J.: 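First the structure, then my questions, so here it is.
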Amino acid sequence: MNGDKPVFHKKTLAAVLALSAALMVSGPASAKDFKVAVGDGAGGTQEALGKAFIEAFEKESGGAHSAKLFLNGQLGSEQDTVNNAAMGTLDFSILAINNITPFSPTVGTLTLPYVILSLEDAVKVTQGPIGEELVANTVRDAGVRIIGWAYSGFRVLTNSKRPVSSVADLDGLVIRVPKNEIMIETYKSWGVNPTPMAWSETFAGLQQKVVDGQDNPYITVYAMKFDEVQKYVTNIRYIFSIEPLIISESLFQDLSEKDQKAVLAAGKAATAFSETFLREQEAKIKEELVSRGMEITDPANDEAEFISLATKAVWPKFYESIGGVEKLNTILTALGRDPVK
Ligand code: MLT
């Protein structure tokens with residue numbers, strides 16, 4: 001007997017010390033350093049969401065894992081990152097919802113023009129049962145799981161040629177859009193045949209004047225330094241930009257239950273942070289863009305002309321791909337608006 005003191009044999013103690021030393025050098029055997037692709041540059045909502053996710057994930061996993069952001073499309077165009085995550089060659093990606101829609105068409109309900117009319121609408125739709133259904137559909141269709149949401153504000157039109165305040169003013173402008181059928185059809189409803197272009201090529205396209213304009217939220221315009229190549233902004237506000245954080249579904253399924261919980265909890269914490277970030281930053285960033293020389297125009301009658309043309313022509317074209325008009329009606333009703341007949 002040795003009272004309550006534990007007894008260590010010399011050999012056991014040496015083995016324990018050797019193991020601790022090895023762990024100090026290399027960390028636990030299963031420790032991982034994950035890669036997070038980010039489409040936008042620094043200073044935007046995507047980076048803010050990514051940083052908040054990493055901080056929370058490292059904490060939630062008790063320091064067992066780490067992750068690193070790769071900004072500015074370094075790991076491929078946003079649409080490529082969906083493919084790569086689905087194949088398991090990329091861990092995480094943060095990208096605009098419109099760049100997931102081609103892989104999971106029901107997500108298109110969130111890119112239909114003039115459906116989401118405020119940050120509150122965006123939060124309600126993404127964080128309730130509608131969001132849960134879209135997450136499940138995306139796992140099924142695209143092999144990626146949405147685990148967090150960034151909210152980036154309304155998409156506004158920018159161009160390098162002239163102020164635009166009406167649909168007629170768009171005539172003759174060459175506008176870049178994402179490779180997203182809903183957005184392409186929306187511009188067509190305004191009489192423009194837009195140019196689909198990958199996000200990672202858009203700055204160069206604007207700089208080299210392959211295209212005159214594009215649309216994205218103020219925060220994204222700022223993060224991408226578009227003020228260097230664009231002067232005129234029009235508040236067409238046709239889509240409220242929602243930017244999910246996705247994880248490769250095969251990676252998610254390979255994680256331990258504890259790590260899955262850490263990923264999901266960190267995604268939730270980052271989502272809450274993103275909402276605060278938008279509220280705190282958007283107005284300041286808009287002012288900063290004006291101070292850098294951008295000119296902002298409000299379309300007449302609260303965008304009535306843009307709204308009427310786009311909703312009439314575009315919504316019905318996509319009822320089938322979003323899973324039926326009832327999917328849109330579920331959202332409209334949840335947001336306190338009249339369903340379509
Ligand atoms: C796009 O226009 O392709 C995206 O909205 C860009 C983004 O991810 O911010």
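Whatever order the structure lists them in is the order used to number ligands and atoms, beginning at 1. All figures in this text were calculated on a predicted structure; none of them were measured in a lab. Any value given below was found using the heavy atoms of this structure, including those in side chains, with hydrogens, waters and symmetry copies removed. Residues take their numbers from the sequence shown, with the count starting at 1.
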J.: I'd like the atom pairs linking ligand 1 to the protein - N or O on both sides, separation under 3.5 Å - with distances to 0.1 Å.
T.:
residue	atom	partner	partner atom	Å
ligand 1	2 (O)	Arg155	NH2	2.9
ligand 1	2 (O)	Arg176	NH1	2.7
ligand 1	2 (O)	Asn216	ND2	3.1
ligand 1	3 (O)	Asn99	ND2	3.1
ligand 1	3 (O)	Arg176	NH2	2.9
ligand 1	5 (O)	Arg155	NH1	2.8
ligand 1	5 (O)	Asn216	OD1	3.0
ligand 1	8 (O)	Asp40	OD1	3.4
ligand 1	8 (O)	Gln46	NE2	2.9
ligand 1	8 (O)	Glu78	OE1	3.0
ligand 1	8 (O)	Glu78	OE2	2.4
ligand 1	8 (O)	Glu243	OE1	3.3
ligand 1	9 (O)	Asp40	OD1	2.8
ligand 1	9 (O)	Asp40	OD2	3.1

J.: Looking at Glu303 and Arg237, is there a salt bridge between them, counting it only when a charged N and a carboxylate O are closer than 4.0 Å?
T.: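 Here Arg237 pairs with Glu303 in a salt bridge, since their nearest N and O are under 4.0 Å apart.
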
J.: Using ring centroids (six-membered ring only for Trp), state whether Phe92 and Phe34 fall under 6.0 Å.
T.: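 Yes, ring centres under 6.0 Å apart.
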
J.: So does Glu55 pair up with Lys59, basic N to acidic O under 4.0 Å?
T.: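 Result for this pair is no, no salt bridge flagged.
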
J.: Heavy atoms only: give me the nearest Thr101-Thr111 pair and the separation to one decimal.
T.: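 Distance-wise, the nearest heavy atoms are OG1-OG1, 3.7 Å.
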
J.: Checking Asp33 against His65: is there a side-chain donor and acceptor pair closer than 3.5 Å?
T.: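 Judged by distance alone, the side chains do not pair up.
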
J.: We want to know whether Asn216 and Trp199 form a side-chain donor-acceptor pair, criterion being a heavy-atom distance below 3.5 angstrom.
T.: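 No, no side-chain donor-acceptor contact under 3.5 Å.
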
